[in-house]
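Taking it in order: structure first as structure tokens, then the write-up.
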Amino acid sequence: MKKLLIRLAILGAVGVTAAVAGSFMIIKSRTHDIDTSTQATSPEQQQALIAQGEYIARLSDCAACHTVPGGTEYAGGLAMQTPFGAIYSTNITPDKETGIGNYTLQEFANAVKHGVRKDGAPLYPAMPYASYTIMPDSDMVAMYEYFMNAVPAVKQENAPTTFPAIMSMRWPVAYWQMLFAPIREFKGNSELSGIENHGAYIVEGPGHCGACHTPRGIAYQEKALTNDSSDLFLSGALIDGWRAKSLRGEGQGLKTWSEDEIVEFLKTGRTDKVAAFGAMGDVVEHSSQYWTEQDLNAVASYLKTLSPAPGKSLELKTQPDTTTDLLLTDTFRAPGAVLYMEHCTICHRVDGEGVPRIFPALNQNTAVTAQNAQSVIQITLEGGVMPATPADRMAFGMPSFAHLSDEEVATVINFIRNSWNNVSPEVSPQDVAEIRHFLANKAPNISSVKEDK
């Protein structure tokens, strides 16, 4: 028996050694020389490249993940919650000790496009290299000039993940990359117009919209990287406790949105009916408000070409509005109605329509009526602030209602989700308790900037 155990241990060690060696081969196959012909040859060209690189970094939304709220831009430390623990974003300022100051252009490109770190270790897929891989080498040249020559260096150590030890090993990630993050190029669709294909490129590549809005598989991989025959691309997902809505053409998606409303939302973080919150607020704050009109219109045009997600209804369920009149009579004594009148009506009004561009409507708002209510529960418990943009300088906030009990939160949310024209599945106090537990146990961000007490 003892000899058998020894043999098994030896075989296991040999197997692990072979697997580790195989991972190195995978990583080596992912590193490629890039075309450097667009590098600057004069100070004027360098300044133009820096400006181009800054825009591409905005288009790619580098700041949203690599910046802690209130912290120094690009210094890292943002805690990204996963089912296995938190991954902390890294310092991508040009500091030579804690940032990327010692990266060569080639190493920078391999990290961004192929998920390979300077030391040859694979990057966790929290970095959306599965999307960035389609970006051209000229973008890497421009971004490298920007980060190395225009971003201030910040000394801030990178934090380890909170994964269990066995989950924090890097070499298995190489096999994940081989299976789920192929090195590829953008392929336009001959059935789309030029502007629609440009929008598809932004959505699939630098915009990496699928990283949040496409459902994940058992290995935490995006179930589709492009708009293939599965129609799963951008069909909605849950990430970091938020529901990222479907961007496809069904009722709970973007069917009722016009192209102009999509542009307005990306540029300002709001429309007359809705407002960005959670991770999408960060996208607007750090990225989409800076996009050119051409890029905004291209993305909107492309998104409106997407067919409905599988099994999703083309229309929103509705019912006649009897709620408004009942609330106006001041005789509606149902517990949910009482809670709504006490805590919500001052902003969202008795008709649930809010105030255009100031307080979002709750009536027929797909963030409110979604099948999965995680977002509406989370924002009720945690509150939130609209992104501040030059187009809308009034960044209104919603206070936290965490002082309400789980039963009270469930009661008022069920009232909102099934009042006016809304028809939605009910949530339970247990649903609220789970989100409250998630929020209480989120790993904290790490910042070099001390917060005021």
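Computation of the quantities below employed the complete heavy-atom set of this structure, encompassing side-chain atoms and omitting hydrogens, waters and symmetry-equivalent molecules.
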Compute the centroid of each ring, for [X] and then for [Y], and state whether the two points are separated by less than 6.0 Å.
{"X": "W257", "Y": "F265", "value": "yes"}
{"X": "F180", "Y": "Y175", "value": "no"}
{"X": "Y220", "Y": "W176", "value": "no"}
{"X": "Y129", "Y": "H114", "value": "no"}

Pairs flagged by salt bridge (Lys or Arg N to Asp or Glu O under 4.0 Å) wherever [range] is involved - sequence neighbours left out:
{"range": "residues 359-371", "answer": "none"}
{"range": "residues 182-195", "answer": "none"}
{"range": "residues 295-319", "answer": "K255-E315"}
{"range": "residues 79-94", "answer": "none"}

Should Y103 and F147 be marked as a ring-ring contact (aromatic ring centres under 6.0 Å, His included) after you check the CA-CA gap, both sets of side-chain angles, and the distance that decides it?
CA-CA 11 Å; Y103 271 62; F147 278 104; over 10 Å; no
Give the minimum heavy-atom separation between L306 and L247, together with the two atoms involved.
CD1-O, 3.9 Å
Check I202 against V299 and note the closest heavy-atom contact, atom names and distance.
CG2-CG2, 3.7 Å
Using the rule given for ring-ring contact (aromatic ring centres under 6.0 Å, His included), can you reason through W291 versus Y55, listing the C-alpha separation, both sets of side-chain angles and the distance that settles it, and then say yes or no?
CA-CA 8 Å; W291 296 3; Y55 180 74; 8.3 Å; no
Short side-chain to backbone donor-acceptor contact, H286 and C62, under 3.5 Å
no
D139 side chain to M135 main-chain N or O, any donor-acceptor pair under 3.5 Å?
no
Which word best sums up how the rings of Y132 and H208 line up, parallel for under 30°, tilted for 30 to 60°, or perpendicular for over 60°?
perpendicular
Is a salt bridge present between E261 and K273, judged by a nitrogen-to-oxygen distance below 4.0 Å?
no
Partner of R436 under side-chain contact (heavy atoms from CB on, under 4.5 Å), chosen from N441, L381, D431, I377:
L381
Please identify each residue that fulfils side-chain contact (heavy atoms from CB on, under 4.5 Å) with R357, with sequence neighbours left out.
E264, T268, R270, D272, D392
Not counting sequence neighbours, which residues clear side-chain contact (heavy atoms from CB on, under 4.5 Å) with P429? List them please.
D406, E407, A410
Within the supplied structure, the quantity of interest is the number of heavy atoms (other residues, nucleotides, ligands) at a distance under 6.0 Å from K267 NZ; does it exceed 12?
no
Look at atom CG of L179 and say whether more than 12 heavy atoms of other residues, nucleotides or ligands are closer to it than 6.0 Å.
yes
